[in-house]
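Notes to accompany the following structure.
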Amino acid sequence: MSDTHRHQKNLISVYRKRIGSENDLKKRDKHFSKQRKLSEKESDIADTKHKLSQSLISLFDNEINNTYVFKSPLHWDEVFRNVTKQYGPVFTFWFGTTPQVIVTDSELAREAFRKNDFAGRTDSYFGSQFSNDEFTDVIMADYGHEWEALRRVAHSAIQKYSSNDKLVYLANESVDRTVNTIIEKEGLNKPFVPHEYIFLMFLNILATSAFGQSYDLEDKEFKELKYGIKDFGREVGGRILLWEFLPIIRVLDRKMVKKQKAVTRGVIDLIRH
């Protein structure tokens, strides 16, 4: 091999090494760039988590500062009596982001109820499911002409049943049917859990009075009503009360919240139709 060829071969070898080094540098730069982006992303996530935690702490501060009084083993009525001694007969109690004005003096309460300024309902999570643009419920509706009309109808219906013997007859009939069902299914002189039978009895009194319908334990509608009104609440537990006052809990429980809305709508449709 001539010196010229040997020199060219050396140049090619050096060039290849240089290209390889440049490729390695590019790979390293790409790797470091990827690592830097991941680091920045992790930093952003950590910053977001920190901001969220601070927001949650701020959100729960009022709730913690207000609900600590219920750590007492005393009944809530006694707790409010003790708070009254410290702050007076009218005070504000916060549930999450919702302020509740508590009036513990009977004369002040009567005076407040005489004024329309204190009438009505605020926007609420559960209330909006019973009173909205599609239908209105007298219990959850806000004060206004529509509520006054509903109240007159409800008051008239209550007076109608309370002033004659029909309600007494319906109640006696429902009690007798329930007792017969208990004897048939449970027998005599044996312990049993009465909860389902009591629910059936009161539901039949209300259902027969309202829309002339009565149920047995095995009726599909009875089971749907019982689940929506009673059993679903037990399935979720006391946490369901937090959905009203702490929207963040509804976000965390979104699957159960979706189910609750479907169950509630099912109960409303059964009652309306």
Would you please name every residue forming a side-chain contact (heavy atoms from CB on, under 4.5 Å) with Gln100, sequence neighbours left out? Phe95, Thr98, Ile102, Phe245
Who pairs with Val168 by side-chain contact (heavy atoms from CB on, under 4.5 Å), at least two apart in sequence or on another chain? Asn172
Do side-chain atoms of Arg177 reach the backbone of Ser174 as a donor and acceptor pair under 3.5 angstrom? no
Using a 3.5 Å distance criterion without hydrogens, assess whether the side chain of Ser128 forms a donor-acceptor pair with backbone atoms of Ser124. yes
Any non-hydrogen side-chain atom of [X] less than 4.5 Å from a side-chain atom of [Y]?
X	Y	value
Phe192	Ile182	yes
Leu170	Ile205	no
Arg151	Glu148	no
Met256	Phe232	yes
Phe199	His195	no
Gln260	Gln129	yes

If you count heavy atoms of other groups shown closer than 6.0 angstrom to [atom1] of [X], is the number above 12?
X	atom1	result
Tyr169	OH	no
Lys261	NZ	no
Phe113	CZ	no
Arg272	CZ	yes
Glu78	CD	yes
Asn180	CG	yes
Leu217	CG	yes

Please state whether the rings of Tyr125 and Trp243 are parallel, tilted or perpendicular, taking 30° and 60° as the class boundaries. perpendicular
Should the pair Phe80 and Phe91 be assigned to parallel (<30°), tilted (30 to 60°) or perpendicular (>60°) ring geometry? tilted
Do the side-chain N and O atoms of [X] and [Y] include a donor-acceptor pair separated by under 3.5 angstrom?
X	Y	result
Arg121	Ser131	no
Glu221	Gln213	no
Thr104	Thr84	yes

Honestly curious: do [X] and [Y] fall in one hydrophobic cluster under the side-chain, below-4.5 Å linking rule?
X	Y	result
Val90	Val83	no
Ile139	Tyr143	yes
Val236	Val257	yes
Leu203	Leu270	yes

CA sep, side-chain torsions, deciding dist, call: Phe130, Phe135, ring-ring contact (aromatic ring centres under 6.0 Å, His included): CA-CA 7 Å; Phe130 293 95; Phe135 45 77; 8.1 Å; no
Is Lys230 paired with Glu196 through a side-chain N to carboxylate O contact shorter than 4.0 Å? no
Do the charged groups of Glu134 and Arg265 touch, with an N to O distance under 4.0 Å? yes
Point-to-point distance, once rounded to the nearest 0.5 Å, from CD1 of Ile271 to CG of Leu225: 6.0 Å
CD1 of Ile198 to OG1 of Thr178: how many Å apart, nearest 0.5 Å? 9.5 Å
Looking at [X] and [Y], what are the two nearest heavy atoms and their distance?
X	Y	value
Ser214	Asp219	O-OD2, 4.2 Å
Leu150	Asp137	CD1-C, 4.2 Å
Met201	Val175	SD-CG2, 3.5 Å
Thr136	Glu146	OG1-OE2, 3.0 Å
Asn204	Tyr215	OD1-N, 2.6 Å
Pro89	Asp105	CB-CB, 3.9 Å

Please enumerate all residues that pass salt bridge (Lys or Arg N to Asp or Glu O under 4.0 Å) together with Glu111, with sequence neighbours excluded. Lys115
Residue of the set Thr264, Leu241, Ile240 for which side chain to side chain contact (heavy atoms under 4.5 Å, CB included) holds with Phe126: Ile240
Mind running salt bridge (Lys or Arg N to Asp or Glu O under 4.0 Å) on Glu235 and Lys259 for me, showing each step along the way? CA-CA 11 Å; Glu235 183 180 316; Lys259 183 178 180 180; 2.9 Å; yes
Could you go step by step and tell me if Asp253 and Arg239 meet the side chain to side chain contact (heavy atoms under 4.5 Å, CB included) rule? CA-CA 9 Å; Asp253 296 345; Arg239 190 181 184 87; 2.4 Å; yes
